[in-house]
Every structure is written in C-alpha cells, then in structure tokens.
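Following: one structure in structure tokens, then a few remarks.
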Amino acid sequence: MKKSLLVALMVALLATAMPFAALATEAATPVISDDLYAFQAVIDGALYTFPCLYSEFEANGWAFKEKDEAETPLQPQSYGTLYMTKGGIDNRMEMRLDFVNFDIASKPANQCYIGGFSIEKPWSDKVPTPVVMAKGIQTGDSAATREDITAAFGEPTRVYEGSVSDKPYVTMTYSKDTYEDIEFTLNDNKLDGVSLQCLVEPKDMPKAEVSKEVPDYIKEYKVPAELGSDPLSMNVEFAGDLYTLPAPVSAFLANGWKITGTRQDYVAAKDFVVSGITLMRENKSVDLMLYNFADVPVLPENACVSGMPPFGYTSDGYTFSLAGGIKLGSTKDEVMKVFEPIFTRSDKRDEYTTYHAYERGKYSLSISIDNKTNLVTDLDIDTP
C-alpha cells in the first residue's frame with residue numbers, strides 16, 4: 001500500500017515538472033510598469049528604473065568602453081555621456097549612458113547615478129542590445145511599429161520624419177518635463193532605437209558632508225603689495241583695500257568686514273553662488289558672489305569672492321578700481337593703455353561701447369565707455 005502511494009506521488013511530480021519549470025522561468029522575467037513615465041526599461045533581460053546607480057549596470061556585466069573613463073570626474077549637479085559595453089568580440093553590445101552627479105561634491109563616474117541611456121541600431125561589429133519598454137514595446141525580432149507605439153502611449157509630444165538612403169525613419173518623443181523624456185526611433189516602421197532620460201534627483205539621496213576645513217588654496221593666498229598695471233593680475237581695489245581675485249572671504253574679514261548673512265549653508269564643489277554672502281562694515285552691507293575651487297563642499301566663509309564690484313557699491317560711497325587704476329570716470333585712452341592688449345571683442349550701442357576680455361576658466365572682464373564723453377560708465381570682472 002505504501003509502495004503504491006509512493007509510485008503515484010512520483011508520477012504526479014513528474015507530470016507537473018514542466019509547468020513548475022515554466023513558472024520558475026516566468027517568475028525570473030522582470031516585470032516592467034505599464035506607465036511609460038515610470039522611466040523603466042528592460043535592457044538585455046535586466047530591469048532598470050532611472051535614475052539608478054552605476055553599480056546596477058556593473059552587476060549585470062556592463063563595463064566602461066574605456067577603462068579609465070570610470071574615473072571621469074563629474075562636477076556637482078552636472079551630467080556627462082559615456083559608453084558602456086557588454087560581451088566578447090563575437091557578441092559585444094554597446095550603449096550610451098548619461099552619468100549624473102546629484103551630489104554637492106565632485107565624484108568619479110563610477111560613483112554617480114545613471115540618468116538615462118541611448119540604444120541605437122549597431123554597426124556590423126556589434127550585436128543589437130535588446131530593450132523592452134512599457135507595455136511590451138520593444139526592439140528586435142518583435143520590433144514595435146509606429147502604430148504599436150501610438151496605440152500604447154497615445155500621440156507623441158513631438159514627431160520628426162525623415163529618410164536615409166531613401167528609407168523612411170521616424171523619431172517619436174514623449175516628454176514629461178525638462179530632462180524627462182523617452183524617444184523612439186523607427187526605420188522602415190520598425191523600432192530599432194530607444195533613448196530615455198530622467199535627470200531627477202532621487203528622494204532622500206544622501207549628500208556629501210560639508211567640509212569645515214580651510215582649503216589649501218585659501219591658505220596660500222597673498223594680499224597684493226600694489227594694484228599695479230598688469231591687466232592679467234586680477235588685482236582690484238575695493239573700499240580702500242587691495243585684493244587679487246578670486247579673493248578668500250577671510251581676506252575681507254581681515255579688513256574689518258563681518259558676515260551678516262549667506263544664501264545657503266555651503267558652497268558646492270567647483271560651484272558658485274550668486275550673492276552668496278553679505279558682508280558689513282561701518283554699517284554698510286554688500287552682497288558678493290562666492291566660488292569654491294575645492295572638490296568638496298565648504299562653508300561660505302571658506303570660499304572665495306570671485307566677482308567684483310558688488311551691485312550698488314557707488315551709492316554707499318565705496319571705491320572700486322581695476323589694474324592701472326581704471327575706475328568709473330577713467331578715460332578711454334587710460335583704459336586702452338592698460339587693457340587693449342587683452343580685449344577680445346567690443347559691442348557698440350547708441351550710447352556706449354562695451355569692451356570684453358575673456359579666457360575660458362580664468363577670467364571675464366567688461367568695461368563700458370560712453371560714446372560721447374569717452375569716460376568709463378561701468379566695469380565688471382569675474383573669475384574664473
């Protein structure tokens with residue numbers, strides 16, 4: 001009796017072995033949201049919700065196309081595009097990814113989020129990277145058509161129609177907001193390209209700790225001995241004191257100014273804050289732009305003043321001069337004697353002409369001169 005029962009049980013298990021295997025396979029298939037704006041995609045069988053961490057792609061076998069790109073620095077609140085590959089010579093897949101740094105400190109790409117991807121029809125030396133979007137819209141053998149996509153998501157936000165080698169192609173873009181969109185590219189009415197971008201900072205994302213240390217470059221700052229006449233010295237005179245821009249906030253404090261307010265509690269790495277700090281001396285206040293050259297966020301008092309003069313400084317009776325003693329009321333001849341060698345362009349208006357000097361990442365200078373009186377009416381310098 002017991003032997004018959006055991007045989008019957010084994011037969012029953014064998015009969016149900018295939019369905020159980022099928023269920024196991026089905027359970028392993030990623031379940032993607034039907035909402036296109038959930039910003040999900042199944043890429044080569046793995047589900048991603050964007051933005052996601054780089055480590056998720058790494059765990060699924062993706063690697064940077066160039067190994068040293070893993071250390072590519074990204075400044076705070078910025079993004080950049082890098083390529084990643086998967087597979088060997090005979091089955092190599094490739095796609096373009098948007099790496100984004102939501103933090104307030106500089107970070108290498110491999111510590112950042114991935115805010116989007118672009119998968120296109122590959123060249124002959126690569127195999128297609130399979131991608132499935134919401135409602136089963138996919139590339140590959142079961143590639144969706146324009147009609148399929150419209151039926152799934154409605155009419156797109158934008159459509160572009162063109163042709164390559166007499167073959168028609170269509171780009172259908174669905175946009176939720178700025179930096180939040182999905183783009184489908186169809187050739188001969190077959191989906192073979194998908195791009196997605198969602199550069200929205202994740203909720204409750206941990207931020208880098210604000211450093212309370214004084215950066216080395218501030219410790220090395222030296223007060224200029226004289227204003228001088230070198231147009232590239234970045235020396236300025238303000239309220240009777242000399243500074244070399246960018247000048248540490250501490251240099252202003254040493255001249256009797258006091259901090260009475262800041263726009264925020266920190267200055268992000270490699271970033272600036274307009275009107276970032278308010279300083280007061282002799283019951284008069286000025287708002288100054290701050291810049292942080294460090295790779296970590298710092299306190300406002302450990303940042304630099306990068307631009308001068310402050311708005312409305314003349315109404316408070318403060319003086320401001322550039323190298324060569326150029327200030328409001330200086331003549332055009334005096335200006336040209338000092339700055340003409342570095343001016344890069346000029347903009348002439350009915351009443352005045354503005355002369356500009358600029359070197360990317362170093363300085364931006366503008367001096368406006370009245371066309372009738374040939375006297376300086378405005379001047380501004382900013383670094384970097």
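- Tracing side-chain contacts under 4.5 Å through hydrophobic residues (I, L, V, M, F, W, Y), one reaches Ile369 starting from Leu328; they form part of the same cluster.
- Under the side-chain contact (heavy atoms from CB on, under 4.5 Å) test applied with Thr383, the options Thr244, Leu245, Leu365 reduce to a single match, Leu245.
- Residues Thr353 and Asn371 meet the side-chain proximity criterion, which asks for heavy atoms closer than 4.5 Å.
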Glu161/Arg146 under salt bridge (Lys or Arg N to Asp or Glu O under 4.0 Å): CA gap, chis, key distance, verdict: CA-CA 12 Å; Glu161 299 181 3; Arg146 180 173 182 173; 2.8 Å; yes

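- The number of heavy atoms from other shown groups lying within 6.0 Å of CD (Glu58) is above 12.
- Here the side chain of Asn189 pairs no donor or acceptor atom with the backbone of Thr145 at under 3.5 angstrom.
- Summarising the local packing, CD of Glu147 is surrounded by more than 12 heavy atoms from other residues, nucleotides or ligands at distances under 6.0 Å.
- Side-chain contact of Thr157 with Thr173: a donor-acceptor pair under 3.5 Å is absent, judged by distance alone.
- We find the CD-OH distance between Glu66 and Tyr83 to be 12.0 Å, quoted to the nearest 0.5 Å.
- When atom types are taken as modelled, the side chain of Thr331 and the backbone of Glu334 share a donor-acceptor pair closer than 3.5 angstrom.
- Checked for salt-bridge contact, Arg281 and Asp241 meet the test: a charged N lies under 4.0 Å from a carboxylate O.
- The OH atom of Tyr174 sits 11.5 Å away from atom CE of Met133, with the distance rounded to the nearest 0.5 Å.
- Between Tyr160 and Tyr169, the ring-plane angle classifies as tilted under the 30° and 60° cut-offs.
- Taking the six-membered ring where tryptophan is involved, the planes of Tyr291 and Phe272 are essentially parallel, since the angle between them stays under 30° and well short of 60°.
- Residues Leu53 and Ile114 form no side-chain contact, since every pair of their non-hydrogen atoms from C-beta on lies 4.5 Å or further apart.
- Defined by atom type and a distance below 3.5 Å, a donor-acceptor pair is present between the side-chain atoms of Thr278 and Asp287.
- Residues Phe238 and Val376 share a hydrophobic cluster, clusters being chains of Ile/Leu/Val/Met/Phe/Trp/Tyr side chains in contact below 4.5 Å.
- Exactly one residue among Leu227, Asn235, Ile326 makes a side-chain contact (heavy atoms from CB on, under 4.5 Å) with Ser321. That residue is Leu227.
- Counting heavy atoms from C-beta on, the side chains of Phe39 and Glu180 come closer than 4.5 Å.
- The number of heavy atoms from other shown groups lying within 6.0 Å of CG (Asp265) does not exceed 12.
- In summary, the side chains of Lys207 and Tyr266 do not present any donor paired with an acceptor at a separation below 3.5 Å, with no hydrogens or angles considered.
- In this structure the side chain of Ser211 never reaches within 4.5 angstrom of the side chain of Pro297, judged on heavy atoms.
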Derivation and outcome, side-chain hydrogen bond (donor to acceptor under 3.5 Å, both in side chains), residues Glu237 and Thr319: CA-CA 7 Å; Glu237 173 273 325; Thr319 57; 2.5 Å; yes

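- Ion pairing between Arg96 and Glu120 holds under the 4.0 Å rule for side-chain N and carboxylate O.
- A donor-acceptor distance shorter than 3.5 angstrom exists from the side chain of Asn60 to the backbone of Glu56, with no hydrogens or angles considered.
- No option in Ile367, Leu379, Leu232 other than Ile367 meets the side-chain contact (heavy atoms from CB on, under 4.5 Å) test with Phe339.
- Using modelled atom types, one finds a donor on one side chain and an acceptor on the other under 3.5 Å when comparing Gln40 with Thr49.
- Contact check on Lys258 versus Glu282 returns no salt bridge, with no Lys/Arg side-chain nitrogen under 4.0 Å from an Asp/Glu carboxylate oxygen.
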Pair Ile381-Phe320, side chain to side chain contact (heavy atoms under 4.5 Å, CB included): steps then yes or no: CA-CA 11 Å; Ile381 186 171; Phe320 176 74; 4.2 Å; yes

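- Of the candidates Val305, Asp382, Ile277, Met289 forms a side-chain contact (heavy atoms from CB on, under 4.5 Å) with just one, namely Asp382.
- In this structure, Phe293 places its CZ atom where more than 12 heavy-atom neighbours from other residues, nucleotides or ligands lie under 6.0 Å away.
- Ring geometry for Phe50 versus Phe57: interplanar angle of 30 to 60°, hence tilted.
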Stepwise side chain to side chain contact (heavy atoms under 4.5 Å, CB included) test for Thr150 and Met172: CA-CA 9 Å; Thr150 303; Met172 306 170 68; 3.5 Å; yes

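- Put simply, the side chain of Lys65 reaches to within 4.5 Å of the side chain of Thr85, judged on heavy atoms.
- Using cut-offs of 30° and 60° on the angle between ring planes, the pair Phe102 and Tyr113 is perpendicular.
- For the pair Lys284 and Tyr318, the cation-pi criterion (under 6.0 Å, within 45° of the ring axis) is fulfilled.
- At a threshold of 4.5 Å between side-chain heavy atoms, the hydrophobic network of Ile, Leu, Val, Met, Phe, Trp and Tyr places Met205 and Tyr179 in one connected group.
- Connection of Phe184 to Val132 is not established within any shared hydrophobic cluster, with ILVMFWY side chains joined at heavy-atom distances below 4.5 Å, either directly or through further cluster members.
- Across Phe117, Trp62, Phe64, a single residue satisfies ring-ring contact (aromatic ring centres under 6.0 Å, His included) together with Tyr54, and that is Phe64.
- The main-chain N or O of Pro108 is never found under 3.5 Å from a side-chain atom of Glu71 such that the two would form a donor-acceptor pair.
- Listed by first then second residue, pairs satisfying salt bridge (charged side-chain N to carboxylate O under 4.0 Å, His left out) with a partner in residues 36-49 read Asp44-Lys86, not counting sequence neighbours.
- With hydrogens and angles left out, the side-chain atoms of Asp98 and Gln197 include a donor and acceptor closer than 3.5 Å.
- Salt bridge Asp347/Arg345: present, at least one basic N to carboxylate O contact under 4.0 Å.
- With 3.5 Å as the limit, one finds no donor-acceptor pair spanning the side chains of Asn292 and Asp271.
- When side chains are defined from C-beta on, Val335 counts as touching Phe343, because their heavy atoms get closer than 4.5 Å.
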Side chain to side chain contact (heavy atoms under 4.5 Å, CB included) assessment of Ile43 paired with Met95: CA-CA 10 Å; Ile43 302 173; Met95 63 176 159; 4.0 Å; yes

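- Summarising the local packing, CD of Glu209 is surrounded by 12 or fewer heavy atoms from other residues, nucleotides or ligands at distances under 6.0 Å.
- In this model, no donor atom of one side chain and acceptor atom of the other lie less than 3.5 Å apart for Thr185 and Asp192.
- No side-chain heavy atom of Thr129 sits less than 4.5 Å from a side-chain heavy atom of Glu94.
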